[in-house]
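Here is the structure we will look at, set down as structure tokens.
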Amino acid sequence: MIRRGVVLLVFASVLALVFAHFLAPAPADGGEVPPELRAEPKAPSTRAADLSRPFVTATKRARPSVVRIVSLVRDRRGQWRNLSRGSGFIVSARGHVVTNRHVIQGALRIDVYLPDGRVAKNAKRLGDDARS
């Protein structure tokens, strides 16, 4: 079983890397500092649209890694029925997904719906951490 501290550390590290990667300004050709970073900073805007722009940008860039998860169980007639639904995000090139424990707890089958329309039916559960 994975220890709570390791899970929290990995989760925080992944989030930090995602936001650092997507919010960092792209370097200009030749490794120069972009002109907007060399200029004197302007007074911060207080318009709602300006305040939310970084979050909108980060969300658009992170969206391809966000997945929808459906947990299923069998009813008395042996047919699959929804147990719960939730979301998660892809954290590795191998397709590992992190989600909340309550989304998959008690599921006999887990289906993962990718943003491009593909579905990973009967995904394998690698583990969970009840304490975190």
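Source: prediction; values computed, not measured. Below, each value reflects all heavy atoms present in this structure, side chains not excepted, and no hydrogens, waters or symmetry copies.
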[X] and [Y]: same hydrophobic cluster, using ILVMFWY side-chain contacts below 4.5 Å?
X   : Y    : answer
V67 : V70  : no
F55 : V66  : no
L72 : I110 : no

Could you grab the distance from atom [atom1] of [X] to atom [atom2] of [Y], nearest 0.5 Å is fine?
X    : Y    : atom1 : atom2 : value
R74  : L83  : CZ    : CG    : 14.0 Å
R81  : R109 : CZ    : CZ    : 13.5 Å
L108 : N122 : CG    : CG    : 9.5 Å
I104 : T99  : CD1   : OG1   : 7.0 Å
S87  : Y113 : OG    : OH    : 14.5 Å

### Close side-chain approach of K124 to L126, heavy-atom, < 4.5 Å
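Yes - at least one pair of side-chain heavy atoms lies under 4.5 Å apart.
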#### Entry: Residue among D111, N100, V97 satisfying side-chain contact (heavy atoms from CB on, under 4.5 Å) with I69
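Considering D111, N100, V97, a side-chain contact (heavy atoms from CB on, under 4.5 Å) with I69 is found only for V97.
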### Query
Is there a donor-acceptor contact under 3.5 Å from the side chain of S65 to the main chain of I90?
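Pair absent, no side-chain N/O of S65 close to backbone of I90.
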### Query
Is D116 reaching over with its side chain to a backbone N or O of R118, donor-acceptor style, under 3.5 angstrom?
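Answer holds: yes.
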#### Entry: Set of salt bridge (charged side-chain N to carboxylate O under 4.0 Å, His left out) partners for R94, sequence neighbours left out
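Checked R94 against salt bridge (charged side-chain N to carboxylate O under 4.0 Å, His left out); zero matches.
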### Query
Which residues pass the salt bridge (charged side-chain N to carboxylate O under 4.0 Å, His left out) test with R85, sequence neighbours left out?
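In terms of salt bridge (charged side-chain N to carboxylate O under 4.0 Å, His left out), with neighbours along the sequence ignored, R85 is linked to no residue.
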### Task
Please lay out, stage by stage, how R61 and T59 fare under the test side-chain contact (heavy atoms from CB on, under 4.5 Å).
CA-CA 5 Å; R61 290 181 179 172; T59 300; over 6 Å; no
#### Entry: Which atom of R63 lies closest to which atom of P115, heavy atoms considered
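Nearest heavy atoms, R63 then P115: O-CG, 3.9 Å.
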